[in-house]
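Keep in mind it's a predicted model, so treat the numbers as computed, not measured.
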Amino acid sequence: MCTTFILQNDHSMLLGQNYDFYYGHGLIVVGKRGVQKESLKLKGQKSKTWISNYGSVTFTQFGRELPISGMNEKGLTVAMLYHDEGQLPEEDERAVMNELQWMQYQLDQFSTVAEVVDHLEEIRIVKSLYALHYTLADALGNVALIEFVHGIAQVIHDESYFALSNSSFKISKQYAEQFLTIPISKLSQEVNSLDRFTLAYRHVERVISDAQQAPILTDEAFYVLKELSVLPSSNEDWGWVGEQNPPTLTFWSVVFDLKHAEIHYIDNNNKNIRTIQLNSMNFSKTEPTLCLRLDNELMGCVNNAFNPYTTQENERIIRLSFKPISDMIPLDEQLELAVYPDQFK
């Protein structure tokens, strides 16, 4: 289901994301600038072609070009969350992308939140599995939450504090305001969307108020992510597609440090923080696309652990992810996804 938040002041710009799902395998992909791409073709719909302006590092479960979150070399960062009230635009003449590839397009094309918002209406998002909403931030300190309500794009950016769970921001904030006088330690620990948002929002308020003119440490962001994490004992009905899914829990916790162009993360099986330093990466097209299995036993800086991307590794992650819903996404469609990036020039 996921939770995101922003911790920022004059010295720091951190985006935190908990990834809550019923499995935790993943692939981290280093994409390159100058690559010519075409969006996944959907029957009867117009596709989009583009050349990537920027390289990026993305976290994915459903294959290369379909990220869960990521940061590009300019610091633009985007993270997705399931959206209970999400309703995407009706069919029109615009080119289309699914709800995950839309994120890769933003990272490929733009360096700031303002650029994303300026071009927001150029592409229509279509749902492949879930309606999503998004947290975006950039190295300049700008933030936007993008939601689709009744088919209309909503951009939220004039807020003192930013957090997001699985309900629309307006609904979530109205709910949280009922509990402003209650100490954080006394707030509900239920993992439903509104209570999770309330806890996140209050922690963001606390951290920013306490930090004042001091840098906000990534350790503080990880502390907040731990407070918001979903444990396997939760009885919440998550509404996933498919049947007889395993328990949902927080499998990844990621902190994007936009001012320092670094990504820090832990996963459920390895609590050692791993760091990816974008400023030390070569995003030139002359170098191969790279990848790294997210669920590894590493620690510290992992830049040197990346290997050249292969179609076989993409197929591995896709088949693992779609196995529980193979009745909806048959094997031949999974294999098409696996070889899809091979057409890029």
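- When atom types are taken as modelled, the side chain of N303 and the backbone of F306 share no donor-acceptor pair closer than 3.5 angstrom.
- Judged by distance alone, with hydrogens and angles left aside, the side-chain atoms of Q334 form no donor-acceptor pair with the main-chain N or O of E315 at under 3.5 Å.
- Under the 3.5 Å distance criterion, with hydrogens and angles disregarded, no donor-acceptor pair is assigned to the side chains of N18 and D20.
- For residues 286-300, the pairs satisfying side-chain hydrogen bond (donor to acceptor under 3.5 Å, both in side chains) are Y265-N296, R274-N296, S284-T286, R293-E313, with sequence neighbours left out.
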(request) For E73 and K32, run salt bridge (charged side-chain N to carboxylate O under 4.0 Å, His left out): C-alpha distance rounded to whole Å, both residues' side-chain angles, the deciding distance at 0.1 Å, then the answer. (result) CA-CA 10 Å; E73 59 183 301; K32 303 296 179 158; over 6 Å; no
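- For the pair R64 and Y309, the cation-pi test (distance below 6.0 Å, angle within 45°) is passed.
- Judged purely by distance below 3.5 Å, without hydrogens or angles, the side chains of S128 and E99 pair a donor atom with an acceptor atom.
- A donor-acceptor contact under 3.5 angstrom links the side chains of T135 and T4, judged on distance only.
- Q101 and L40 get closest at one heavy-atom pair: OE1-N, 3.0 Å.
- Between K41 and E38 there is a salt bridge, since a side-chain N of the basic residue sits under 4.0 Å from a carboxylate O of the acidic one.
- Crowding of K37 atom NZ: a count of heavy atoms from other residues, nucleotides or ligands under 6.0 Å exceeding 12.
- Taking CG from D267 and CG from N272, the interatomic distance works out to 9.5 Å, rounded to the nearest 0.5 Å.
- Taking the charged nitrogens against the carboxylate oxygens, K173 and E159 do have a contact shorter than 4.0 Å, which makes a salt bridge.
- Note: Y19 and F251 fail the aromatic proximity criterion, with ring centroids not under 6.0 Å apart.
- Classification of the Y23-H25 ring pair by plane angle, with boundaries at 30° and 60°, yields parallel.
- For the residue pair N192 and D195, a side-chain donor N or O sits within less than 3.5 Å of a side-chain acceptor on the partner.
- There is no side-chain donor-acceptor pair under 3.5 Å between Y134 and Q106.
- The aromatic rings of Y201 and F197 sit parallel, their planes meeting at an angle under 30°, below the 60° perpendicular limit.
- No more than 12 heavy atoms of other residues, nucleotides or ligands sit less than 6.0 Å from atom CG of N304.
- With respect to the salt-bridge test (charged N to carboxylate O, under 4.0 angstrom), the residues E90 and R124 do not qualify.
- Donor-acceptor pairing under 3.5 Å is recorded for the side chains of S168 and E85.
- For F5 and Y161, the ring centers are positioned 6.0 Å apart or more.
- Aromatic ring pairs are classed by plane angle as parallel below 30°, tilted from 30° to 60° and perpendicular above 60°; the pair Y105 and F110 is perpendicular.
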